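What follows is one structure encoded as structure tokens, with my remarks underneath.
Remember, it's a predicted structure, so these values are computed and weren't measured experimentally.
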Amino acid sequence: MTRTVLLTDYAWPDDKVEREVIERAGFTLVSGPAEPSSPAEIDALAAKHQPDAILTCWAQVSETAIAASPNLKIVARLGVGLDNIAVDAATERAIWVTNVPDYCIAEVSDHAVGFAIAWARGLIHFDREVRGGRWDPASANLRRLSELACGIVGFGRIGRATAAKMQALGCRVAAHDPYASNVPVDVELADFDTLLATSDIVIVHAPLAPATRHLINRDAISKMRRGSLLINVSRGGVVDTAAVVEGLNSGILSGVGLDVLEDEPRVPPELIAHPGAMITPHVAFSSDASLIELRRRAAEEVVRVLCGEKPEQPRNTPRR
């Protein structure tokens, strides 16, 4: 009997890469709509197709979806974060959960550094000014990056890559991460409040979990240096959007670089209207190379498990 793989959604034009890997292994790929459907619709897809494996990008894979197929062996995330998968439910049912944790290290760290450079050199501001018919170099109030302190919240693979790039620009770098080990000697480990109070640029690379939801909130922003920059290229829920708007309006934040928001794709009008806000549509992970790598490796994990092997990037230990 042919095994079925359900691709719930995908953030690219087609499913060719996934289909090639899955069908080459002799399995059947069933693709849902490109845009992520509601949890109820994903539940219905799982119930209809009874998949042996689920590949998911943004769509929520609930406990109901996981329970819908008695033959389900793996839920593979096309990405890094697992907050859209009911991991505990999968673990209880002896189902693997995997991700691709290292496919976009260069891209996300580049994106964070890009925000920092754009802010320090006024690139977005002056582009808007010139396009609006204003040519006023005398209004420049720019910064020398090598004289600034950068604090990184979350010091995993991407945080370390960002640190190295900011240091190459001359910044002093500190990091906060309760789980960090083998920290380079030229990166200072700091407690959260100290990092906020001593950084000109705060870059968030933390995963979304109950302990990190709204980690950057009104209280945290109040402890930051006046006129500082906040960058979030991790998960939208780590940062309280309303608190960011307040921080911008109060002047504590002179700028924000946000690739992720709490309620994507809705962007609060107050954020759009603020001249200090730089916003990109959750694309920090993306490049031609990173997307091909992500799609291939996620699909290969599915094939690996359906062929009776252990996955290379398990994020749980299924109960047998």
Does atom CZ of R134 have more than 12 heavy-atom neighbours, drawn from other residues, nucleotides or ligands, at distances under 6.0 Å? yes
Is a salt bridge present between D177 and R160, judged by a nitrogen-to-oxygen distance below 4.0 Å? no
Just how far is it from atom CD1 of I203 to atom CD1 of I158, taken to the nearest 0.5 Å? 12.0 Å
Counting distance only, does the side-chain N/O of E63 pair as donor-acceptor with the main-chain N or O of A86 below 3.5 Å? no
Tightest non-hydrogen contact, residues L195 and H176, listed as CD1-N, 3.6 Å
Under 3.5 Å: donor-acceptor pair, side chain of D240, backbone of H214: no
Evaluation steps, side-chain contact (heavy atoms from CB on, under 4.5 Å), between D136 and F126: CA-CA 9 Å; D136 186 14; F126 283 110; 5.8 Å; no
Side-chain ion pair, D102 and R297, N-O less than 4.0 Å: yes
Report the distance from atom OG1 of T98 to atom CZ of R315, rounding to the nearest 0.5 Å. 8.5 Å
Over 12 non-hydrogen atoms of neighbours within 6.0 angstrom of CG in D191: yes
Go through the steps for D15 and L29 under the test side-chain contact (heavy atoms from CB on, under 4.5 Å), then give the verdict. CA-CA 9 Å; D15 63 3; L29 181 72; 4.0 Å; yes
Value rounded to 0.5 Å, distance of CG in L72 from CD1 in I95: 4.0 Å
Report yes or no: does E301 contribute a side-chain atom to a donor-acceptor pair with the main-chain N or O of N99 at less than 3.5 Å? no
Which pair of heavy atoms, one from W119 and one from M278, lies closest together, and at what distance? CB-CE, 3.9 Å
Using atom types as modelled and distance alone, determine if a side-chain donor or acceptor of S199 lies under 3.5 Å from a backbone N or O of G151. yes
Testing E18, E300, E20 one by one against R295 for a side chain to side chain donor-acceptor pair (under 3.5 Å), which residue passes? E18
Is there a side-chain contact between V100 and F285, using heavy atoms and a 4.5 Å cut-off? no
When you look at CZ of R213, are more than 12 heavy atoms from neighbouring residues, nucleotides or ligands closer to it than 6.0 Å? no
Do V97 and T91 pass the side-chain contact (heavy atoms from CB on, under 4.5 Å) test, and can you show the C-alpha distance, the side-chain angles, and the key distance before you say yes or no? CA-CA 8 Å; V97 176; T91 302; 5.6 Å; no
Assess whether atom CZ of R128 is packed by more than 12 heavy atoms of other residues, nucleotides or ligands within 6.0 Å. yes
In one Ile/Leu/Val/Met/Phe/Trp/Tyr side-chain cluster, 4.5 Å: M166, V204: no
Can you give me the closest heavy-atom contact between S290 and Y103, atom names plus distance? O-CD1, 3.4 Å
Before accepting this row, confirm whether a basic side-chain N of the pair D193/K223 lies closer than 4.0 Å to the acidic partner's carboxylate O. yes
Using distance alone, with no hydrogens and no angle criterion, decide if T56 and T8 have a side-chain donor and acceptor under 3.5 Å apart. yes
Provide the closest heavy-atom pair for S31 versus Y10 in the form atom of the first, atom of the second, distance. CB-CE2, 4.4 Å
Is there a donor-acceptor pair closer than 3.5 Å between any side-chain N or O of S234 and the backbone N or O of A206? yes
Side-chain atoms of residues 75-82: list all donor-acceptor pairs with protein atoms under 3.5 Å, sequence neighbours left out, distances to 0.1 Å.
{"unit_1": "R77", "atom_1": "NE", "unit_2": "C57", "atom_2": "O", "d": "2.6"}
{"unit_1": "R77", "atom_1": "NH1", "unit_2": "G81", "atom_2": "O", "d": "2.5"}
{"unit_1": "R77", "atom_1": "NH2", "unit_2": "C57", "atom_2": "O", "d": "3.1"}

Side chain of T280, backbone of H282: donor and acceptor closer than 3.5 Å? no
Same hydrophobic cluster for L215 and M224, using side-chain heavy-atom links shorter than 4.5 Å among ILVMFWY? yes
Establish whether L145 and I124 are linked, either directly or via other cluster members, by ILVMFWY side-chain heavy-atom contacts under 4.5 Å. yes
Trace of the side-chain contact (heavy atoms from CB on, under 4.5 Å) decision for R319 with E92: CA-CA 6 Å; R319 297 188 179 176; E92 287 293 328; 2.5 Å; yes
For P207, does its backbone N or O pair with a side-chain atom of T212 as donor and acceptor, under 3.5 Å? yes
Whether the side chain of Q167 engages the backbone of V173 through a donor-acceptor N/O pair (distance < 3.5 Å, no angle test) should be reported. no
Reported CG-to-CG distance for the pair N232 and L230, which is rounded to 0.5 angstrom: 6.5 Å
Roughly how far, to the nearest 0.5 Å, is the CD1 atom of I221 from the CG atom of L248? 8.0 Å
Determine whether the side chains of T241 and E262 contain a donor N or O and an acceptor N or O closer than 3.5 Å. yes
Check whether L229 and I252 end up in the same hydrophobic cluster, where Ile, Leu, Val, Met, Phe, Trp and Tyr are linked by side-chain heavy atoms less than 4.5 Å apart. no
Would D200 and S228 satisfy side chain to side chain donor-acceptor pair (under 3.5 Å), going step by step from the backbone distance to the final call? CA-CA 5 Å; D200 302 291; S228 56; over 6 Å; no
When you check the side-chain N and O atoms of E41 and S38, is any donor under 3.5 Å from an acceptor? yes
Could you tell me if the side chain of V256 sits less than 4.5 Å from the side chain of L253, heavy atoms only? yes
D83/R235 salt bridge by N-O under 4.0 Å criterion: yes
Has H49 got a side-chain atom pairing as donor or acceptor with P51's backbone, closer than 3.5 angstrom? no
Distance-only donor-acceptor check, side chains W12 and S286, under 3.5 Å: no
Would you say that more than 12 heavy atoms from the other residues, nucleotides or ligands in this model lie under 6.0 Å from the CD of E35, or not? no
Nearest non-hydrogen partners of A53 and L306, listed with the distance: CB-CD1, 4.1 Å
State plainly whether one hydrophobic cluster holds both L294 and W58, where clusters connect Ile, Leu, Val, Met, Phe, Trp and Tyr through side-chain heavy atoms under 4.5 angstrom apart. yes
Decide if atom CG of D186 counts as having more than 12 heavy atoms of other residues, nucleotides or ligands within a radius under 6.0 Å. yes
I'd like to know if the side chain of S62 reaches the main chain of A65, judged simply by a donor and an acceptor atom lying under 3.5 Å from each other, with no hydrogens or angles considered. yes
Would you compute the distance between atom CG of L271 and atom CG of L261 and round it to the nearest 0.5 angstrom? 6.5 Å
Taking all heavy atoms of A149 and all of T198, pick out the closest pair and write down the distance. CB-O, 3.4 Å
